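Working notes for the structure below.
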Amino acid sequence: ADPKMGIVYDAGGKFDKSFNQSAFEGATRFQKETNIKFIEVQASSDTQAEQVLRGLARKNLDLIASIGFAQTQAVQKVAKEFPKVRFVLIDGVAQGANVNSVTFKEEEGSYLVGVAAAMASKSKKLGFIGGIDIPLIRTFACGYTQGAKAVSPKVEVTQNMVGTTSSAWNDPAKGGELARSQFDRGVDVVFAVAGGSGMGTLQTAKEKGKLAIGVDSNQNHLYPGTMLTSMVKRVDNAVYDSFMQMKAGTWKAGVTAKGLKEGGVDWALDAHNRKLITPEIEKRVLGARKDIIDGKIKVIDYRVGNSCPV
Amino acid sequence: MQPAVEFRNISKHFGHVKANTDVNFTIAKGSIHGLVGENGAGKSTLMSILYGYYRADGGDLLLDGQVQQIRNSQEAIRLGIGMVHQHFMLVENMTVLDNVMLGTEGGFQLARHRSTTEAKLREICQRYRLDVDPLATISDLSVGAQQRVEILKQIYRSANILILDEPTAVLTAQETASLFEILRLFKEQGKTIVLITHKLQEILDITDTVTVMRGGRVVGAVATAGTSKEELANMMVGRPIENNLPRAPYKPGAPMLEVSGLQLQDAQQVKLLTDIGFTLRAGEIVAIAGVSGNGQSELMEILSGMRLPTSGQLRFEGKDLPFAKRSDADGLPLEFRELGIAHIPEDRLRDGVVKSFSVMHNTILGYQDKLKNRWGLFDFKAIAARCAELMKTFDVRPANGDLRIGLLSGGNQQKVVIAREVLAQPKLMLVGQPTRGVDIGTIESIHKQLLALRDSGVAILLVSVELEEVRALADRILVMCGGRITGELKIEEFDTTRIGLLMGGMHKS
Amino acid sequence: MNNHDLPRWASAFVLPVLNLLSALLVAALVIYLLGENPAESLGILINSAIINPEGLSYTLFYASTFIFTGLSVSIAMQAGLFNIGSEGQMYFGGLGLTLAMLAFDGSLPAWALIPVAMGGAALFGALWGFLPGYLQAKRGSHVVVTTIMFNFICASLMNFIIVKYLIPAGEQNTASRAFADSGAMPRLNTWFPILGETPLNISFLLAIGALAVYGLMVKRSAWGFKLRATGLNQHAAHYAGIRIGKMIITVMLISGALAGLGSVNSIMGSTHYLSLNFVGGAGFVGIAIALMGRQHPVGIFLSAVLFGALIQGGFDLSLEKPNIPTETFIFIQGLIILFCGAMENFYAPAIGALLKRGKA
Amino acid sequence: MTFDDFHFASILVSTVRNAPVLIFAAMAGLFAERSGVIDIGLEGKILASAFTSAAVAFATQNPWYGVAAGVLVSVALATLQGYVSITQKGNQLVAGIAINIAMSGLTFVVAQFFFQQGGRTPDLGQARLFDVVLPGSAAVEGIPFIGWLYGHLIGGHSVLVYLAFGLVPLVHWVLYHSRFGLRLRACGENPHAADAAGVSVERQRYMAMLVAGVLCSFSGAYLAIVQSGFFLRDMSAGAGYLALTAMVFGNWRPVYTFLGCLMFGFFGAVQIQIEGVDLPGIGRIPGSLIQMVPYVVTVIVLAGLMAKSVAPKALGTPFVKSR
Ligand SMILES: Nc1ncnc2c1ncn2[C@@H]1O[C@H](COP(=O)(O)OP(=O)(O)OP(=O)(O)O)[C@@H](O)[C@H]1O
Ligand SMILES: Nc1ncnc2c1ncn2[C@@H]1O[C@H](COP(=O)(O)OP(=O)(O)OP(=O)(O)O)[C@@H](O)[C@H]1O
Ligand SMILES: [Mg+2]
Ligand SMILES: [Mg+2]
């Protein structure tokens, strides 16, 4: 029989323009290709996450994908209770013999777009707009800065966070305002890692004729002409792969950190931004990409020491 | 001639309270018609029906012989009816001018009509000798002046039928006299006036006919010329009113309250009280006479602990009152109460009661800590019994302790407050305007209570603008003007003219 | 005020039921428009929120938090203060709880640890209520404004503290470390296995206890009398010798402490760690509950359970009916508040007329 | 840090851009509350009109239809609120909160139903309201200061920004110099007096709610079709509550309320600028702490400078003819 799959989104919901949505896309791709349906649920609080996971586990699902680090503890707990059910946790690390934790080396992808940004910038002033000041977001910022400084130590990176409550992910007006303010200060390329608020940033960049960089999924198509690139985080692949492995019977527990090498993160180059990526930029970015994959460049992960070297 | 107003079988009830039942009477055109009755007799309700504020449950209302449906105040105003309400209907933070203009703005743009209205007001003030500044803000005005604004409003609107609901309750004798002057002028102009008052002398002084109400019904209608105070009182209360209440001979005891050099300044350094000094002894009633707004209220607030003085010596039973080391008066009234000082505040609705509490809860107010058990809880059975007892003794009507006190008539609210304070068996009783807006039957019973208190050795400080009341109760009289004591008289020396002069600040020093 | 002289049974039961039905009717219309069968949906909702013991258990679990925040808002309202800050007070209370846990969960046994942690929650919640209370009492700063501001300030401060100090090294989750098992509130399923594996815990009993104490204090105690007098007429309260400033500060302390205690159920009853924005609007729900329950203990209880049921039932329903997003139940919450809380007398004239005709 | 790091010019421009959301809502609240109806439901009305404006602007590809539709919806909500608060004499706080909660849910559900984008509307693209370039801006662009002042501070905003700023004197005039305002204030202070003077309190309060509905809708429209270019769930992000705060802060007076709105806008802008900047003597303030700057400042200003706030006396009490 076909394996039974489930997916549990976190509070952001499956249309968050971010990793939940990406997970949804991966699962959908799987469904299209295999015709195997999956159950999907959103857990709005940590308590609910546990409730949902337990509920799905009781339905004897074979594999449950939990999206977002907020579900870490819940996965850990429920996985222990239901050793026969398998779990994939995205973006967090949970212990358990039946858990596969998938994390991403956001710093590596961010490094690449940092390189691209620094090359594309005329003012050598870059911007970064995050949703909330949390380690994950700082990791993006830190990788971005490392990449930019690698191009030229003189490059300055201005950082702003949208807010401190969950509405920080849904405040495009503020996302736009932060961008404006950065542009006023001479910034000409901005990297938005702020969910729905980031939409305001990208839009403002379009309006002001400045460059912007998208995140998570490939957002290049949104504003062709001002979208320099996107830092894609292939949550979709992670979910898709996991489901596929389950189907094929090759699924394994453990911890996977997906970087450039593993296809977990990347930059996006397509018809929409082709014109903006000059051959020099492309060359430099691809060079950096290769160096990272080869281990010649080590991009520092903010989360390891809770600090950024640059 | 057609009567200006005719009530036919008007009835109105609020829940279970029958405020008006089958009211029938007429008011002749161009006359001044008195309406009297106990508190809660339904006078205000009836007049509010005429003014469109309430709608009658049944019956007809005729103006100039025509049945009229007056659904709201706008329609009443259109029909030429004006009303001065028992409680002021003024917007406190607006000017006199704006208050007058409200409802008669004359156009969308105020500026256009402001100056013409202002000019007209000044002219009216001059013609009727009303002392009101059109540009003053209401909250800065004394109650007397606010009353004049209400009158001014009606003159400006040139109402043909003017209802005055207890307009004189807060006025001094002089103010009342000048109001009556105006009413006579109105009458000459052919206007019809309805005057509600508890002061029977006023009825005799100015009205042409009187209607007496009791329990929501009309119990009598007479021509003023053919009646007397006694007859009216008898009709109102159902029994004769004693004029001179018996009192024990004047035998003052030990000094209870000694005040000297008392000063009070407000935040703007304006002197509100200057050099107040007097002694109050056990078993005497000292009345403070004066036009309201001359520092009496502030003095009472200080003596009850509600406000801190700027300086001065205040001794109670020979010991200093606990003002020292206080930065605010928070909680002080309770300490005073524990010393044996009770206080009947002059503004009962503001200070004396919590309107949305039941009568029973209001009988606890101020004594909540005395009545709680050792767990800090109330024994409501005992409190309800206490309340029932108190309502019986002081004849509070309706005698239902569970009723919101706001639903009681003013006189009955006042009885509850007085009962509460008397029950505390104080040594010193501060009494502010105890009978403002109270009917004669109740006045009699309140006066009896205060005299009994005096006879039992309590020291009483009475603030009243009613010289009649001062005369009926006081052993000694202090007159205040401009925050100073301008004179002192023994009751034997009572002399309206002299007191009037002292109240006006004219004293030989 | 305006009860149209209805008999008690009518105004206490018939009206609320009619109002609830009206709200559900509008909700049914929306569900119908969304393409689902309203009757069936309602069946699922009721079953999974009330009838199914595990669902009921979740319903009561959510209600436990709401009772605390509802009480927090209610008690301040009794003193005439509109405390919009329960959200922040609960959040900050969670910090107090967490600090106590981090300090003592290794050393204290459960019977000591739990009260200490609860004390921490109450203390920190009270502290966050104190400042607006103090500013209102001493400086006359409008408590509505200051508590809104303090919610925002709390969010920032907690963001800073959690990210900077509480996340264990190398962890991705924006939460403190998990506490020792001794810090878990005893769960009711220990005694009632039928409740299933649910987080319903003795916080629920504490919430009921808090309701009872609240009812007793407000209605029967001298302190409650002073509290209400302050709320209804400050002049009269001053005249009665009540220390208004002290009363305002005290009640805000209590209000904050109650909100802080709301975090006990969420954290010690369920997640066992402090996470970013864990309050998730429970403080704001408390406002709705206090208003709908008219600050009456029974009313607070019923509204809290209703809200808990909507969260639990709505969640299950959206699982079964993907066309009905969970947000639908936020809308239904709003409708219920509107019909039951603000249009309480909507049907009173009709009922009154009906009764009168019946009598005649 | 030098003055250059602290881009004052940019802060001012940003203030001007931030303020309209609050100004419209606060002025709306002012009308409602001066008439005696508590308007805690601003948030819900903003959200509803933001959604409607965006959805209709998208569907018709005309921003002005969007604005108009937003007005309709916001007015409908205000009328409902009025019906509950005025006719039904229900609890005004409950009515407002109910509307906020209901709209937070409903806008999502409807947006999801129609657009299937997670409670978001599609990008408006050309159907947005764009900034107005004042004539001659290009000519003076080069001139220091004047170019900035004319082209960026005064000019270069959307029509709604000018409407917001123009509204303030208008509201002031209406409130204090018109019949409507006189009656409005009377109803909020002492409805019994207004009633006795022949003013229909209920009618007046309904009219106030209508005005509030119209004004509030601009706040939502500004958010959705000027600032963002689409609707997103819960995008009002507390603006309604902040507007209410500004109003209380301004003691229910238009000009002071306006200053309150500017203050929020200003400190919001300052906060953006000082994020990540080394401040002399203080160092670099962590980002999450910087977020609280506007709120801390508000509390300090309220506690330190303001006199006791004086709400309209009859605020929150339904008008019932009784004692
Ligand atoms: N709005 C109301 N709701 C309920 N009861 C009311 C209302 N207004 C008046 N009453 C009751 O109706 C009765 C008549 O009241 P009314 O005010 O007409 O008396 P009154 O003769 O004017 O008394 P007073 O001399 O004290 O002014 C009283 O018992 C009063 O308590
Ligand atoms: N049930 C209660 N819950 C919490 N605090 C209470 C309670 N009852 C009283 N308090 C507080 O405990 C303290 C002592 O109570 P008590 O009633 O004796 O106050 P008090 O000093 O008389 O206050 P006040 O001067 O206002 O009358 C006060 O701070 C009071 O607010
Ligand atoms: Mg009367
Ligand atoms: Mg005490």
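Computed from a prediction, not measured in an experiment: that's the story for all the values here.
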Please rank [options] by heavy-atom pairs under 4.5 Å with chain A and give me the top one.
{"options": "L223(D), D123(D), V21(D)", "value": "D123(D)"}
{"options": "S236(D), S10(D), A224(D)", "value": "S10(D)"}
{"options": "R128(D), M292(D), Q112(D)", "value": "R128(D)"}

field: Within residues 151-164 of chain A, residues adjacent to chain D where the heavy-atom gap is under 4.5 Å
entry: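 Residues of residues 151-164 of chain A touching chain D at under 4.5 Å: Q159(A), N160(A), M161(A), V162(A), G163(A), T164(A).
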- prompt: Is any residue of residues 123-144 of chain A within less than 4.5 Å of chain D by heavy atoms, and which ones?
  reply: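 Within residues 123-144 of chain A, the residues that come under 4.5 Å of chain D (heavy atoms only) are D133(A).
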By a 4.5 Å heavy-atom criterion (distance strictly below it), what part of [X] contacts chain A: side chain, backbone, both, or neither?
{"X": "Y222(D)", "answer": "neither"}
{"X": "Q116(D)", "answer": "backbone"}
{"X": "L232(D)", "answer": "side chain"}

[atom1] of [X] to [atom2] of [Y]: how many Å apart, nearest 0.5 Å?
{"X": "F15(A)", "Y": "F108(D)", "atom1": "CZ", "atom2": "CZ", "result": "7.5 Å"}
{"X": "S14(D)", "Y": "R180(A)", "atom1": "OG", "atom2": "CZ", "result": "9.0 Å"}
{"X": "E177(A)", "Y": "Q227(D)", "atom1": "CD", "atom2": "CD", "result": "6.5 Å"}

message: Side chains of S228(D) and Q203(A) only: does a donor on one sit below 3.5 Å from an acceptor on the other?
response: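 No, Q203(A) and S228(D) have no side-chain donor paired with an acceptor closer than 3.5 Å.
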Under 4.5 Å from any heavy atom of chain D - which part of [X]:
{"X": "K174(A)", "value": "side chain"}
{"X": "Y223(A)", "value": "side chain"}
{"X": "E207(A)", "value": "side chain"}

task: Indicate the atoms forming the closest heavy-atom contact of P172(A) with F230(D), along with that distance.
output: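 For P172(A) and F230(D), the tightest heavy-atom pair comes out as CB-CZ, 3.5 Å.
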- prompt: Which heavy atom in D171(A) sits nearest to a heavy atom in M235(D), and how many Å separate them?
  reply: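 Taking D171(A) first and M235(D) second, the nearest heavy atoms are OD1-O, 4.3 Å.
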- request: Please check if atom CZ in F114(D) has more than 12 non-hydrogen atoms from other residues, nucleotides or ligands closer than 6.0 Å.
  value: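 No.
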message: Let's go through R233(D) and N170(A) carefully: what are the C-alpha distance in whole Å and the side-chain angles of both, what is the deciding distance for side-chain contact (heavy atoms from CB on, under 4.5 Å) to 0.1 Å, and is it a yes or a no?
response: CA-CA 7 Å; R233(D) 64 180 304 190; N170(A) 291 323; 4.0 Å; yes
query: Looking at S167(A), A173(A), G200(A), which makes the most heavy-atom pairs under 4.5 Å with chain D?
result: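 Top option by heavy-atom pairs under 4.5 Å: A173(A).
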